[in-house]
**Student:** 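Here it is, the structure, as structure tokens.
Numbers for residues simply follow the sequence, beginning at 1. The model shown is predicted, which means the values in this text are computed figures rather than measured ones. Counting convention: from 1, in listed order, for ligands and their atoms alike.
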Amino acid sequence: MVYAAEEDPLCYPGTTVLRNQLNIKNQAELDEFELALFLTRADEEMPAGDLDYQHYKAIHHHLFQDIYEWAGAVRTIRIGKGGNWFCYPEYIDQEMRRIFRELAAADRLSKLGIEDFAVQVSHVLAEINAVHPFREGNGRTQLTFLAMLMENGGFPFNADMLDRERVLHAMIESFAGDEAPLARLITDIASR
Ligand SMILES: Nc1ncnc2c1ncn2[C@@H]1O[C@H](COP(=O)(O)OP(=O)(O)OP(=O)(O)O)[C@@H](O)[C@H]1O
């Protein structure tokens, strides 16, 4: 996805193409390789962890390790999308620590029914999206993490419900303060 960003040291000079381990300087070509490499990693077992901030970064690292040297590391420049600016980089760490402290790992969530689970988890995802810790790959890390939370909570993960437009709409609504569409999406994902 194209970001509004400041002059970005992570890009090849004079371009908006992110420096990558494949040294591809053409965006369309990079998109293609990035997707293929991501899908291969997404198919593998995710790193083990406690569903905490450390774990979240490890998941991003796992998914994007073949493409970006900074996989698993938080961004250092300001970025936004569609007129929404995400968390300033200097506050990412403290915000992510707060969010994951509030999530208090999976223990509390694993005791909830789907409706309450969806409300709690939609809030967590909305907050993580508003922070947008990584320079790229936030959406895919969010959904991977959601699948792990749902598995941990004992809910099925029906990936057929992941309509791209619906996910995008729900995330944008959540940024504007309405988390209900995201909660409904999570409930639907859990339906068999
Ligand atoms: N205008 C917006 N306001 C808030 N969130 C947005 C906006 N546009 C997109 N998003 C969310 O940002 C995330 C995408 O972030 P990013 O592009 O870093 O991830 P990605 O994995 O590379 O891309 P994608 O999720 O599109 O495959 C998604 O969760 C998406 O719903």
**Student:** In terms of atom number and element, which parts of ligand 1 are under 4.0 angstrom from non-hydrogen atoms of Arg164?
**Tutor:**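 That gives atoms 24 (P), 26 (O), 27 (O) of ligand 1.
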**Student:** Of Leu143, Asn129, Leu182, Leu168, which has the heavy atom at the shortest distance from atom 5 (N) of ligand 1?
**Tutor:**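 Heavy atom nearest to atom 5 (N) of ligand 1 belongs to Asn129.
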**Student:** Below the 3.5 angstrom mark, is there an N/O of Phe134, backbone or side chain, next to an N/O of ligand 1?
**Tutor:**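 Such a contact does not occur with ligand 1.
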**Student:** Just let me know how Thr141 lines up against ligand 1, side chain, backbone, both or neither, with a heavy-atom cut-off below 4.0 Å.
**Tutor:**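 No part of Thr141 is near ligand 1 at this cut-off.
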**Student:** Side chains of Asp31 and Gln27 only: does a donor on one sit below 3.5 Å from an acceptor on the other?
**Tutor:**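 Note: Asp31 and Gln27 side chains meet the donor-acceptor criterion.
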**Student:** Assess Arg78 against Tyr88: is NZ or CZ under 6.0 Å from the centre of the six-membered ring, and within 45 degrees of the ring's axis?
**Tutor:**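 Cation-pi check for Arg78 and Tyr88: passes.
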**Student:** If the threshold is 4.0 Å, N to carboxylate O, is there a salt bridge linking Arg75 and Glu136?
**Tutor:**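 Answer for the salt bridge query: no.
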**Student:** May I ask you to check whether Gln142 and Asn129 show a side-chain donor-acceptor distance below 3.5 Å?
**Tutor:**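 Yes, Asn129 and Gln142 have a side-chain donor paired with an acceptor closer than 3.5 Å.
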**Student:** Any N/O of Val167 closer than 3.5 Å to an N/O of ligand 1?
**Tutor:**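 Min N/O separation from ligand 1 is not below 3.5 Å for Val167.
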**Student:** Arg135 versus ligand 1: do any nitrogen or oxygen atoms come within less than 3.5 Å of each other?
**Tutor:**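 No, there is no polar N/O contact under 3.5 Å.
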**Student:** Using the side-chain hydrogen bond (donor to acceptor under 3.5 Å, both in side chains) definition, which of the options His61, Glu34, His60 pairs with Tyr68?
**Tutor:**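 Single pass found, and it is Glu34.
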**Student:** To which of Lys81, His132, Glu34, Met171 does the heavy atom nearest atom 12 (O) of ligand 1 belong?
**Tutor:**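 Ranked by closest heavy atom to atom 12 (O) of ligand 1, first place is His132.
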**Student:** Examine Glu136 against ligand 1 and note whether any of their N/O atoms are separated by less than 3.5 Å.
**Tutor:**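 N/O-N/O distance below 3.5 Å exists for this pair.
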**Student:** Under 4.0 Å from ligand 1, counting heavy atoms only, is it the side chain of Asn84, its backbone, both or neither?
**Tutor:**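 Just the side chain.
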**Student:** Can you name the one residue among Arg41, His62, Met46 that meets side chain to side chain contact (heavy atoms under 4.5 Å, CB included) with Thr144?
**Tutor:**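 Running side chain to side chain contact (heavy atoms under 4.5 Å, CB included) over Arg41, His62, Met46 with Thr144 returns exactly one hit, Met46.
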**Student:** With heavy atoms of Gly139 as the reference, note each atom of ligand 1 found under 4.0 Å away.
**Tutor:**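 Listed by number with element: 13 (C), 14 (C), 15 (O), 16 (P), 19 (O), 20 (P), 21 (O), 25 (O), 28 (C), 29 (O).
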**Student:** According to side-chain hydrogen bond (donor to acceptor under 3.5 Å, both in side chains), does anything in residues 167-182 pair up with another residue at least two apart or in another chain? List the pairs.
**Tutor:**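 Those involving residues 167-182 are His123-Glu179.
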**Student:** Gln142 heavy atoms, cut-off 4.0 Å: which ligand 1 atoms fall inside?
**Tutor:**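 Numbered from 1, ligand 1 contributes 28 (C), 29 (O).
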**Student:** Between Arg101 and Asp52 (salt bridge meaning N to carboxylate O under 4.0 Å), is one present in this structure?
**Tutor:**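 No, Arg101 and Asp52 are not salt-bridged.
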